[in-house]
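Below you'll find the structure, written out as structure tokens, and then a few comments.
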Amino acid sequence: MGHQSDSESAPDALRAQAHKAYRELSKLQECAFRECCAGPSGSTTENVSITWSQALTSDEFAENVFARYKEVTSEVAVIKSGRVYCYHCASSVCEHSLPTEDGHAFAGYQDTGRPRWVEFLNFLLSTGDNRVDELFIESPKILASVSRRKALIADQLTTYGRRSLTYRIIGQVVVGYVRIKNLRFAISFQVVETSGHKLISQTITSERVHDVLVDASKRESSSLHRILDATNGASGQIRRLNDDWASSNGKKKERKQLTDKVLTILRHLATSIERKGRQYYRRTVHAEERADQRRPVHTALKDVGTAKSGDFFLDETRQSIIVLGRNRRSHVFNSTGVHITTLILSGDKIELRQRRKRYVPLTDTQRKDFLSAVASRGFVET
Ligand SMILES: [Zn+2]
């Protein structure tokens, strides 16, 4: 075989023999999966490598293959995509393996090995995050919080899986609140070591949110897509660590370095999501502004009814009356009290225009005249 030139492919005889072996190995795999009670459909996505050498007897080879497939299929059974392993029930499909509320995030294991799900806000408070106010401002921010394994297993007892390799969480990022289609939810993104010393990462949400995410991820234009893009990117980085991770098994120093790498990936993910979240909200808020601008005159008149004396201005350039309303609304009226339009202006812009003397505060007399003009149209509610 060493005498063949590079451009030549394997000889036909060799290919025919390989073809036979390939078919037999496929049958061996099918059989192994069947004997390990994993359905063939669940097994096809798994890439299992087995080693053959002449040094092994055929019985030893069979034992090795059996052991290998047992290992792989037990991982498949334990790791259910989108669910946290529950040590209490020894299951990834029990009621504890998923958040029941959309806004709940994974907050670690309880002493008895049950996953603990808490409202994202409370989770942040428990970690001492002082940014919680930013969840409630007019254009709320998406916040992301990184947790290390140590914090997540702080309460977990050894008898309930504290040291278990079944589902060993390395770290996680919790993200909230994401808003889409009237849902307000949290996302828990976890990096986990499996019993086969493989690193996996996965996103955990309530079942309802999961369906929405699957939907949203198909639409390129969706802003949420950018957040999911970031988690996919992090998943790729985690996957690329896998070979190093496997070979670092039992080597304390290497393991520590790789764990630090995982945490760095998680921290970058958190930063990236918060940044993408801001862009996401800018767009959402603009959409709301446009919706506001289409709102009927009713909102304008309601705002006029509750406006304070300092909220009335004359736009000297246009000779129109400006009334500052709630939520940065500025209502434009003509001098006879007819509502023309509503603008959403940032506080800065108003200040700027005032400074440029374009908006001049109405005097008391002007204001009363304006109000009576509006009232004469029968609009103002008293
Ligand atoms: Zn359970």
Side-chain angles (χ1 to χ4, degrees), residues 33 36-39 41-43 45-46 69-127 145-178 183-214 231 235 238 262 266:
F33 271 127
C36 296
C37 298
S41 59
S43 59
T45 52
E46 275 297 319
Y69 278 82
K70 266 196 297 197
E71 188 182 291
V72 170
T73 52
S74 66
E75 270 175 38
V76 170
V78 163
I79 311 294
K80 277 264 180 248
S81 175
R83 290 169 173 268
V84 171
Y85 184 73
C86 171
Y87 283 102
H88 190 262
C89 305
S91 166
S92 286
V93 292
C94 70
E95 58 189 306
H96 316 112
S97 63
L98 273 184
T100 49
E101 302 293 327
D102 300 339
H104 280 193
F106 180 77
Y109 281 108
Q110 298 176 23
D111 52 358
T112 58
R114 275 189 195 148
R116 179 168 51 224
W117 303 99
V118 302
E119 187 64 36
F120 178 65
L121 166 67
N122 294 333
F123 175 81
L124 282 190
L125 287 171
S126 73
T127 63
S145 173
V146 178
S147 309
R148 294 162 161 269
R149 166 172 182 78
K150 209 175 150 188
L152 299 173
I153 60 158
D155 297 337
Q156 192 178 6
L157 297 171
T158 311
T159 43
Y160 285 100
R162 185 184 175 87
R163 297 208 189 98
S164 170
L165 283 175
T166 305
Y167 186 90
R168 190 171 183 277
I169 303 175
I170 309 297
Q172 72 169 16
V173 179
V174 165
V175 180
Y177 288 103
V178 184
L183 292 181
R184 193 187 77 138
F185 57 91
I187 293 172
S188 308
F189 178 84
Q190 292 184 348
V191 177
V192 179
E193 180 181 9
T194 68
S195 55
H197 304 299
K198 209 164 77 180
L199 282 184
I200 59 149
S201 55
Q202 59 170 351
T203 300
I204 298 136
T205 60
S206 75
E207 226 155 7
R208 187 159 70 130
V209 170
H210 181 261
D211 293 344
V212 174
L213 290 189
V214 168
T231 57
S235 292
I238 298 293
V262 170
L266 291 178

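Quick caveat: nothing in here was measured; it's all calculated off a predicted structure. Indexing begins at 1, ligand by ligand and atom by atom, following the structure's order. Positions are given from 1 along the sequence.
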### Message
Classify the ring geometry of Y87 against Y109: parallel below 30°, tilted from 30° to 60°, perpendicular beyond 60°.
### Response
perpendicular

### Message
With a 4.5 Å cut-off on side-chain heavy atoms, are F106 and W117 touching?
### Response
yes

### Message
Are the side chains of H104 and E119 in contact, using a 4.5 Å heavy-atom criterion?
### Response
yes

### Summary
Per side-chain hydrogen bond (donor to acceptor under 3.5 Å, both in side chains), S206 is matched among D102, T100, D211 by D102

### Task
Anything protein N/O/S under 2.8 Å from the Zn ion (ligand 1)? Just list residue and atom, please.
C86 SG, C89 SG, C94 SG, H96 ND1

### Query
Under the salt bridge (Lys or Arg N to Asp or Glu O under 4.0 Å) test, which residues partner E207, sequence neighbours left out?
R83

### Query
Are side-chain heavy atoms of F189 and V175 found at a separation under 4.5 Å?
no

